[in-house]
Amino acid sequence: MGFWAKSLQIFKSLCDHGTQSVRQLAQRTGLAKSSVHRLTQAMGRRDVHPESWLWETEEGRHWLMRLVAATLYTFGLKRGVGMDTMSEFFARLRLERQVGCSPSALRGVMQALEAALLETAGRWEKDGVAAGEVREIIGAVDETFLEQMILVFQDVPTGYIVQEEVADDRTYATWKAVVDARLTALGTEVLYLVSDRAKALIQLAEKGLECLSMPDFFHVIHEIIKSYSLAIGRCVRHAHQELQKAEEALGRRQAQAHAAPDRPEAKAEVEAKRAEVRRWEEVQRTYRHQLETLSLSLHPFGIADSAPQTSAQVESHLQAAVEAIEALAQSHALPARPAAMAKVRKQVPALAALVDFWWHGIAQDLEPFRLSPMWRSWVYECLLPLVYWEHQVAHTRCTRRRAKLREALEAVHVAFHTHAITQQLAPQVLEEWKAWATQRTQAFQRTSSAVEGRNGTLAQLHHNQRGLPKHRYKVWTVLHNFDCRAADGTTPATRFFRQPFPDLFETVLSHIEVLPRPRQRHDKVALCH
């Protein structure tokens, strides 16, 4: 029987029978008199605040255990708060006589939490694999540089981090070994790989995994923005500054007592500057419109009529948008960026190839059903565009692009609900079709922005903790996969393995059996921080 269990027995006896001698307490609890004597003395040292009695009860002790574990879990592991700060926090709650609150004592509890997290996640992952519901991975791969380089491999549709591995290099051989080991453990394969077009990552997809290597559309857009956005922004800002100077000069001349009431040359200069502002603002609007057109072109459906598109059509639209941006820059004497734009044009065919690849997956799914022309028309022209645009509207933050997507959604929404097949299908069957369409929609992933966001999160966590044990990276992976909840309450692991998992914190809390004992203090209670 442990220290806290014995203390609880004595406290219950005192509550039931009032003040008793050491001999009487020993007889009623079955403990040795020496133990009773030491434990009652310890209880007396802890009883220094009005609320101290609460922590002697069974409920109070359990709540205290939850408080300590939740603080370390939430602020220590997930937010990178240091041990000294959390030790001060517990001291300000006047808990230093109830539980070990020193940084070293809290560090021991933290290590127990980390071990429980890793053990729990390993067991749950094996259960998920054994259930046989692991989907094909649409991977995003990248590396981030912290204290050491970390290779990040993430499933884009679900957000599940397949692997975060510390590595000495980022060569093809290293990536191949890391990815192969994880795919074998998960019993799945990669459908296609989205990357920033590093040579090792292209080789990993095309040679190592024998799948489609998809350029990251996020990086393509960013390459254009780096080339022209700042230049256009500077021109707009300079035009506004010149206009302001001209207006101020005109105001000063009109305020002079000896000046003529009419200054045509000054007014003409102001009008010229105002026209220059309008010109550059129009250039900026046109440039942003071309960027929007570029973004809205890379979809399996046309934004104008929601008709299915081929890779050839998408490539044509993308090239036209890129050429329009280059022509706009050239016509307004913006700095030429031939290398950057050549890099963009080189990636356009590979970007467009995703469209035919996606439609091929649709055809494979539908082949066993041998659909009639009417059913095929309903799937291709009503069901799929409806679900696809709904998904895009929900995940697009840009107001202008969302408005255009919503227009396409509203148009196809009418066609879907007025179609004869939609009106004849039973609700349950219709929901099954929508579930399939949702799954196929999530298989169209054109960026690896999720893994870029993960890199940023890792950098912030590493900065907060100012150096940390190497195994902490694995703990962060576990916390992301099993305790990062979306708006619908699901975690990446739930979406990846297609099955629910228990609450991670409640599970690891059950592994914490006892808290560290407080130090024996002979001085008055004081905050030492």
Side-chain angles (χ1 to χ4, degrees), residues 1-15 25-26 28-32 34-47 51-79 81-83 86-87 89-91 93-127 469 471-472 474-476 478-479 481-483 501-521:
M1 186 181 298
F3 174 83
W4 296 115
K6 293 178 182 178
S7 294
L8 180 60
Q9 274 196 340
I10 294 174
F11 182 78
K12 287 182 176 179
S13 180
L14 291 172
C15 290
L25 283 172
R28 286 197 168 97
T29 59
L31 302 175
S34 59
S35 294
V36 172
H37 180 64
R38 289 194 302 271
L39 292 168
T40 52
Q41 284 185 324
M43 291 173 63
R45 289 193 297 269
R46 296 196 296 270
D47 189 17
E51 73 276 6
S52 297
W53 66 271
L54 174 62
W55 312 123
E56 303 294 343
T57 65
E58 184 175 6
E59 295 80 4
R61 180 57 52 179
H62 287 162
W63 193 89
L64 183 60
M65 186 177 297
R66 176 178 290 272
L67 172 65
V68 173
T71 302
L72 296 176
Y73 181 93
T74 304
F75 298 106
L77 291 176
K78 300 184 74 172
R79 297 293 182 268
V81 177
M83 291 297 173
M86 289 187 287
S87 176
F89 171 73
F90 288 122
L93 292 178
R94 303 194 296 196
L95 296 175
E96 71 276 10
R97 291 185 180 271
Q98 309 299 331
V99 65
C101 295
S102 67
S104 58
L106 294 177
R107 194 169 290 112
V109 182
M110 179 80 86
Q111 291 171 354
L113 283 173
E114 290 173 339
L117 282 167
L118 295 176
E119 188 273 333
T120 301
R123 187 176 67 252
W124 285 354
E125 189 174 270
K126 290 180 180 178
D127 293 342
H471 66 268
R472 183 66 57 80
K474 297 185 182 298
V475 172
W476 286 343
V478 171
L479 291 173
N481 285 340
F482 293 94
D483 198 35
F501 292 96
D503 185 88
L504 183 62
F505 172 72
E506 296 296 336
T507 302
V508 298
L509 177 62
S510 64
H511 287 74
I512 308 300
E513 298 178 353
V514 294
L515 294 174
R517 293 170 58 179
R519 293 175 178 174
Q520 292 189 10
R521 302 176 184 270

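Of the inter-residue distances, the one linking Trp124 atom CH2 with Leu504 atom CG reads 5.0 Å to the nearest 0.5 angstrom. Rounding to the nearest 0.5 Å gives a distance of 10.0 Å between OG of Ser510 and CZ of Phe505. If you take CD on Glu59 and CG on Leu64, they are separated by 13.0 Å, rounding to the nearest 0.5 Å.
Closest approach of Met83 and Pro103 over heavy atoms only: CB-CB, 4.0 Å. Nearest heavy atom pair, residue Leu106 against residue Cys101, reads CD1-O, 3.6 Å. Looking at every heavy atom in both residues, Gly100 comes nearest to Ala105 through O-CB, 3.7 Å. For Gln98 against Arg61, the heavy-atom pair with the smallest separation is O-NH1, 3.3 Å. Taking each heavy atom of Thr120 and His511 in turn, the nearest pair found is OG1-CE1, 4.0 Å.
For Thr507 (side chain) and Asp503 (main-chain N/O), a donor-acceptor pair under 3.5 Å exists by modelled atom type. Proximity of a side-chain donor or acceptor of Trp476 to a complementary backbone N or O of Lys78 within less than 3.5 Å is not detected.
With sequence neighbours left out, the side chain to side chain donor-acceptor pair (under 3.5 Å) criterion links Glu513 to no other residue. Under the rule for a salt bridge (charged side-chain N to carboxylate O under 4.0 Å, His left out), Asp127 has no partner lying at least two apart in sequence or in another chain. Not counting sequence neighbours, the partners of Glu119 by the side chain to side chain donor-acceptor pair (under 3.5 Å) test are Arg123. Listed by chain and number, the residues in a side-chain contact (heavy atoms from CB on, under 4.5 Å) with Ala112 are Ile512 (sequence neighbours excluded). With sequence neighbours excluded, no residue forms a side chain to side chain donor-acceptor pair (under 3.5 Å) with Arg107.
Looking at Leu77 and Arg472, their side chains come closer than 4.5 Å, going by heavy atoms from C-beta outward.
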Identify all side-chain donor-acceptor contacts of residues 65-75 below 3.5 Å with residues at least two apart in sequence or on another chain.
{"from": "Arg66", "atom 1": "NH1", "to": "Glu506", "atom 2": "OE2", "distance (Å)": "2.8"}
{"from": "Arg66", "atom 1": "NH2", "to": "Glu506", "atom 2": "OE1", "distance (Å)": "3.0"}
{"from": "Thr71", "atom 1": "OG1", "to": "Leu67", "atom 2": "O", "distance (Å)": "2.7"}
{"from": "Tyr73", "atom 1": "OH", "to": "Asp483", "atom 2": "OD2", "distance (Å)": "2.7"}
{"from": "Thr74", "atom 1": "OG1", "to": "Ala70", "atom 2": "O", "distance (Å)": "3.0"}

